[in-house]
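Quick notes on the structure that follows.
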Amino acid sequence: TNTYYTEVNSPITLIKDNENSKSIKVPDAINLKCIVCGNQGQPKEIGSARSNVRRIRNQIFSLWRCARCESLHCETVSNYAELYQDYPIRKQRLDYFLNIWYDVILKRLISVGLRTENTILDYGCGTGLFLEFLNRKGYTNSNGYDPHVKDFNSTDVLTKRYDFVVSFDVVEHDLDPKAFVKRLIELLNPNGQLCIETPNAEGIELLNVEDHIHALHLPYHVHLITPSALKNLCLSAGLQTRVIYKKWRHISKKHKYNT
C-alpha cells in the first residue's frame, strides 16, 4: 500500500474588526458543486478579491466556500497559458531563507524514511530550486517536472516510478485536485510516499480578503483545500496517512521565528 504525508501551511490568524465586517449573504438560488468533496448545493459563503500580482492587481475574481469541506474555489479564467508565461515565483532564488525552509522539508522527509539512495520526483518543480538543494545534500536520484518551465517540461520523467513524489504549492493551481492526486499516485513505486504542501483554506476569511490576497494568489490558485478535505482526497485514492503538518515554521537552537 502506498503511503503519504501531507504538508499544510499554517492558518493565518486575524483580529477581526466587528464594526467594519459584514456578513456575506448567499442567495438561495446559488447551487454549486465542490470538486474536492463532491458536495453540491448552497455555498457556505461567497466573496471576491483582487490579484496580488502587480500586473493584474486591479482585476477582481469571485470566490466561494464549500458548505461541507470548507475548501475555497476561485473563478477560473481562459488565459492561464498567458498568465504562466511570466510567473513571478520563477524569479525566486535559493537564498538563505529558502534553504532554511527546504531543510525543514528534508528533515520531515527523512523522518518518514527518506534515504540518499531513494528516487525522488518534484512534481511542479518550477525552476528546480528544491532539486538543487537536494543535490547539494547528496540526494542525487532526483528529477523534476513542470509543464510551464522549459528545462523541466519533458514528460520522460513521468514514465518512471519513484520512492518519493513531492509537490509543493501545486495542487491549488490544478483545475481538478482529485485527478491531480491520482496522477501523483501513479508515479509512486510500491510502498512509495507522497508529500503534498498547499495553503490552508481554514485560515482565510472572506470577510477580510485583503488580508489574505497572498495566500489566495488569484487567479493562479483555483482551489484552496482544508487539511481534512485533502486527507479525505488521499484516503479515497487508497493512500494511508503518515503525518500532517499544519505549521511550516519551527523554533530550534539555531534558527528562531516569530510565530
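Just so you know, residue 1 is the first one in the sequence shown, and it goes up from there.
Test H73, E172, K178 against H223 for side chain to side chain donor-acceptor pair (under 3.5 Å) and you get one pass: H73. A side-chain contact (heavy atoms from CB on, under 4.5 Å) with Y96 is found for one member of L94, N99, I100, L98 and no other, namely I100.
In this structure the side chain of K44 never reaches within 4.5 angstrom of the side chain of C66, judged on heavy atoms. N52 is not listed as a side-chain neighbour of L218, based on a closest heavy-atom distance of 4.5 Å or more. The side-chain heavy atoms of I225 and P177, taken from C-beta on, include a pair separated by under 4.5 Å. In this structure, the side chains of Q92 and L129 come closer than 4.5 Å at one or more pairs of heavy atoms. Side-chain contact between V53 and L83 is absent, with no heavy-atom pair separated by less than 4.5 Å. You'll find the side chain of L121 reaches within 4.5 Å of the side chain of L158, heavy atoms only. Looking at heavy atoms from C-beta onward, T241 lies in side-chain contact with K231 at the 4.5 angstrom threshold. Contact annotation: the side chain of S142 approaches that of N135 to within less than 4.5 Å [non-hydrogen atoms, C-beta and beyond].
Linking Ile, Leu, Val, Met, Phe, Trp and Tyr whenever their side-chain heavy atoms come within less than 4.5 Å leaves V149 and V157 in two separate clusters. Linking Ile, Leu, Val, Met, Phe, Trp and Tyr whenever their side-chain heavy atoms come within less than 4.5 Å puts V222 and L206 in one cluster. When hydrophobic clusters are built by joining Ile, Leu, Val, Met, Phe, Trp and Tyr residues whose side-chain heavy atoms come closer than 4.5 Å, directly or via intermediates, V166 is grouped together with L106. Following chains of ILVMFWY side-chain contacts shorter than 4.5 Å, one can reach V104 starting from F164, so the two form part of one hydrophobic cluster. Residues I185 and V171 share a hydrophobic cluster, clusters being chains of Ile/Leu/Val/Met/Phe/Trp/Tyr side chains in contact below 4.5 Å.
Closest of all the heavy-atom pairs between V181 and C234 is CG1-SG, 4.2 Å. Taking both residues in full, the closest heavy atoms of G124 and V170 are given as O-CG2, 3.7 Å, listed atom of the first, atom of the second, then distance. Of all heavy-atom pairs spanning P219 and I56, the tightest one is CD-CD1, 3.7 Å. The two residues H221 and C74 have their closest heavy-atom pair at O-CB, 3.4 Å. Here the shortest heavy-atom pairing between A49 and L216 reads CB-CD1, 4.1 Å. Across every non-hydrogen atom of S71 and A229, the tightest pair is OG-CB, 3.7 Å.
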**OP:** Quick one: do H217 and Y87 satisfy ring-ring contact (aromatic ring centres under 6.0 Å, His included)? Show the steps, please.
**Re:** CA-CA 12 Å; H217 191 42; Y87 192 44; 5.7 Å; yes

Original post:
When you look at Y245 and R108, which way does the side chain to side chain contact (heavy atoms under 4.5 Å, CB included) test go after all the steps?
Top reply: CA-CA 9 Å; Y245 292 100; R108 290 174 175 176; 3.5 Å; yes

**OP:** Under the side chain to side chain contact (heavy atoms under 4.5 Å, CB included) rule, what do I105 and F130 come out as? Steps first, then yes or no, please.
**Re:** CA-CA 10 Å; I105 292 174; F130 187 59; 3.9 Å; yes

Original post:
What's the verdict on side chain to side chain contact (heavy atoms under 4.5 Å, CB included) for N153 and H148, showing C-alpha distance, side-chain angles and the deciding distance?
Top reply: CA-CA 7 Å; N153 66 3; H148 303 291; over 6 Å; no

**OP:** Given side chain to side chain contact (heavy atoms under 4.5 Å, CB included), test D174 with R183 step by step and report yes or no.
**Re:** CA-CA 12 Å; D174 200 279; R183 286 202 303 275; 2.8 Å; yes

**OP:** Kindly indicate, with the supporting measurements, whether the criterion side chain to side chain donor-acceptor pair (under 3.5 Å) is fulfilled by Q40 and N31.
**Re:** CA-CA 7 Å; Q40 183 157 354; N31 189 295; 3.1 Å; yes

Original post:
Should H173 and Y80 be marked as a side chain to side chain donor-acceptor pair (under 3.5 Å) after you check the CA-CA gap, both sets of side-chain angles, and the distance that decides it?
Top reply: CA-CA 10 Å; H173 294 256; Y80 283 116; over 6 Å; no

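Atom CG of N232 and atom SG of C69 lie 8.5 Å apart (nearest 0.5 Å). Here OG of S111 is found 7.5 Å from CG of L109. Values are rounded to the nearest 0.5 Å. Atom CD of residue Q85 and atom CG of residue N79 lie 10.0 Å apart, to the nearest 0.5 angstrom. Annotation: the span from L131 atom CG to Y102 atom OH amounts to 8.5 Å, rounded to 0.5 Å. The CG atom of N200 sits 6.5 Å away from atom NZ of K246, with the distance rounded to the nearest 0.5 Å. Between the SG atom of C125 and the CG atom of L134 there is a distance of 11.0 Å, given to the nearest 0.5 Å.
Ring-centre distance between F152 and Y145: not below the 6.0 Å cut-off. No close placement of the Y139 and F133 rings is indicated, their centers lying 6.0 Å or farther apart.
Counting heavy-atom neighbours within 6.0 Å of R55 CZ, excluding the residue itself, gives a total above 12.
Looking at D176, its side chain does come within 3.5 Å of a backbone N or O of A179 through a donor-acceptor pair. With hydrogens and angles ignored, the 3.5 Å screen pairs no side-chain donor or acceptor of T226 with any backbone N or O of A201. Side-chain atoms of N141 do not come within 3.5 Å of backbone N or O of T119 as any donor-acceptor pair.
Salt bridge present: R136 and E132 bring a charged side-chain N and a carboxylate O closer than 4.0 Å. Between E70 and R65 there is no salt bridge, since none of the side-chain N atoms of the basic residue sits less than 4.0 Å from a carboxylate O of the acidic one. Under a 4.0 Å N-O distance rule, the pair R115/D163 does not qualify as a salt bridge.
Note that R50 lies outside the cation-pi zone of F61, set by a 6.0 Å cut-off to the ring centre and a 45° limit from the axis.
Applying the ring-ring contact (aromatic ring centres under 6.0 Å, His included) definition to pairs two or more places apart or across chains, none involves residues 181-202.
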